[in-house]
Q: 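Before we start, here is the structure in question, set down as C-alpha cells.
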Amino acid sequence: QVQVVESGGGLVQPGGSLNLSCAASGSIFSIYATRWYRQAPGKQRELVAIITSGGSTNYADSVKGRFTISRDNAKNTVYLQMNSLKPEDSGVYYCNVDIRPSTATIQLRNYWGQGTQVTVSS
C-alpha cells in the first residue's frame, strides 16, 4: 500500500507565499515523476508543475517564475514553493506520483493525494 499526503495549504494574501509538501509512504522502491495539479471551483483540473526522477522540471506558463518544484529523495517528498501568489492561484492542489512499488515488478503505479486547499484573498 502507498499513501500520498499533501500539506501546507491555507489562506494567504495576494503577493504572499506558501510551500506545499507531497509525502509518499508505504511500499515504495523508487519514485519517478511527481506532478502538482490544481482545480478551482467550476474549472477543470490543470497541471501546474512536474519534476522527474532526474530532477528535470517543467511549469505551466501561468506559474513560471513564481513557483518552484523540488524533491527530497531521502524523504520521498516533493515540494511546491509558491511565491507572488495571485487570487487566480486559488484552488485545491493535488499531488500525483508515479511509483515503482518493489523490485519484483518494473510496472509503475500512479497515485493521487487527497488535495490541500489554497486560498489567495485579501
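Atoms considered below: every heavy atom in the structure, side chains included; atoms not considered: hydrogens, waters and symmetry mates. For the single chain, residues carry numbers from 1 onward in sequence order.
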Q: Taking all atoms of both residues into account, what is the closest heavy-atom pair of Ile50 and Ala33, and its distance?
A: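 Taking Ile50 first and Ala33 second, the nearest heavy atoms are CD1-CB, 4.3 Å.
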
Q: Atom CD in Glu6, atom SG in Cys22: separation rounded to 0.5 Å?
A: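 Rounded to the nearest 0.5 Å, the CD-SG separation comes to 5.5 Å.
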
Q: Using the ring centroid of each side chain, check whether Trp112 and Tyr37 are separated by less than 6.0 Å.
A: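 Under 6.0 Å, so yes.
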
Q: Where is the tightest heavy-atom contact between Ile99 and Ala24, given as atom of each residue plus distance?
A: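 Residues Ile99 and Ala24, closest heavy atoms: CD1-CB, 4.2 Å.
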
Q: Report the distance from atom OG1 of Thr34 to atom CG of Asn96, rounding to the nearest 0.5 Å.
A: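 The OG1 atom of Thr34 sits 8.0 Å away from the CG atom of Asn96.
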
Q: Work out which heavy atom in Pro14 is nearest to a heavy atom in Ser121; give both atom names and the distance.
A: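 In terms of heavy atoms, the two residues are closest at CD-C, 3.6 Å.
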
Q: Look at the side-chain heavy atoms of Ile, Leu, Val, Met, Phe, Trp and Tyr, link any pair under 4.5 Å apart, and say whether Val97 and Trp36 land in one connected group.
A: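 Unlinked, Val97 and Trp36 end up in two clusters.
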
Q: Could you check whether any side-chain heavy atom of Arg100 comes within less than 4.5 Å of a side-chain heavy atom of Ile106, counting everything from C-beta outward?
A: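 Heavy-atom side-chain distance check passes, below 4.5 Å.
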
Q: Within the structure provided, determine whether Gln114 and Val5 are in side-chain contact (heavy-atom separation under 4.5 Å).
A: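 Yes - at least one pair of side-chain heavy atoms lies under 4.5 Å apart.
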
Q: Roughly how far, to the nearest 0.5 Å, is CG of Leu18 from CG of Leu20?
A: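 Going from the CG atom of Leu20 to the CG atom of Leu18 covers 6.5 Å.
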
Q: How about Lys86 and Arg66: do any of their side-chain heavy atoms sit closer than 4.5 Å?
A: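 SC-SC contact between Lys86 and Arg66 confirmed.
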
Q: From Arg38 CZ over to Glu88 CD, what is the distance, rounded to the nearest 0.5 angstrom?
A: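 If we round to the nearest 0.5 Å, Arg38:CZ and Glu88:CD are 8.0 Å apart.
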
Q: Establish whether Tyr59 and Val78 are linked, either directly or via other cluster members, by ILVMFWY side-chain heavy-atom contacts under 4.5 Å.
A: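 Linked, Tyr59 and Val78 end up in one cluster.
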
Q: Which distance, rounded to the nearest 0.5 Å, do you find between the OG of Ser53 and the OH of Tyr32?
A: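 If we round to the nearest 0.5 Å, Ser53:OG and Tyr32:OH are 6.5 Å apart.
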
Q: Picking from Asn73, Thr77, Asn76, Ile51, what satisfies side chain to side chain contact (heavy atoms under 4.5 Å, CB included) with Ile31?
A: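 The residue from Asn73, Thr77, Asn76, Ile51 that satisfies side chain to side chain contact (heavy atoms under 4.5 Å, CB included) with Ile31 turns out to be Asn76.
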
Q: Going hydrophobic residue to hydrophobic residue with side-chain gaps under 4.5 angstrom, can you get from Tyr79 over to Phe67?
A: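 Each belongs to a different hydrophobic cluster.
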
Q: Can you give me the closest heavy-atom contact between Val92 and Gly115, atom names plus distance?
A: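 Reported closest heavy-atom pair: CG1-CA, 3.8 Å.
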
Q: What heavy-atom pair brings Gly9 and Thr116 nearest, and what distance separates the two atoms?
A: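 Of all heavy-atom pairs spanning Gly9 and Thr116, the closest is N-OG1, 3.1 Å.
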
Q: Would you say Gln81 and Ser17 make side-chain contact, with heavy atoms under 4.5 Å?
A: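 In short, these two side chains touch, coming nearer than 4.5 Å.
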
Q: Does Arg45 make a cation-pi contact with Tyr94 (under 6.0 Å, within 45 degrees of the axis)?
A: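 The answer is yes, since Arg45 meets both limits relative to Tyr94.
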
Q: Cluster question for you: counting only ILVMFWY and a side-chain heavy-atom cut-off of under 4.5 Å, with indirect links fine, are Val48 and Val118 together?
A: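 Result: yes, single cluster for both.
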
Q: If I take atom OG1 from residue Thr68 and atom CG from residue Leu80, how far apart are they, to the nearest 0.5 angstrom?
A: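 Going from OG1 on Thr68 over to CG on Leu80, the span is 8.0 Å.
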
Q: Are Tyr93 and Val12 grouped together when hydrophobic residues (ILVMFWY) are joined by side-chain heavy atoms under 4.5 angstrom apart?
A: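 Yes; tracing contacts between hydrophobic side chains, which count when under 4.5 Å, links both residues.
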
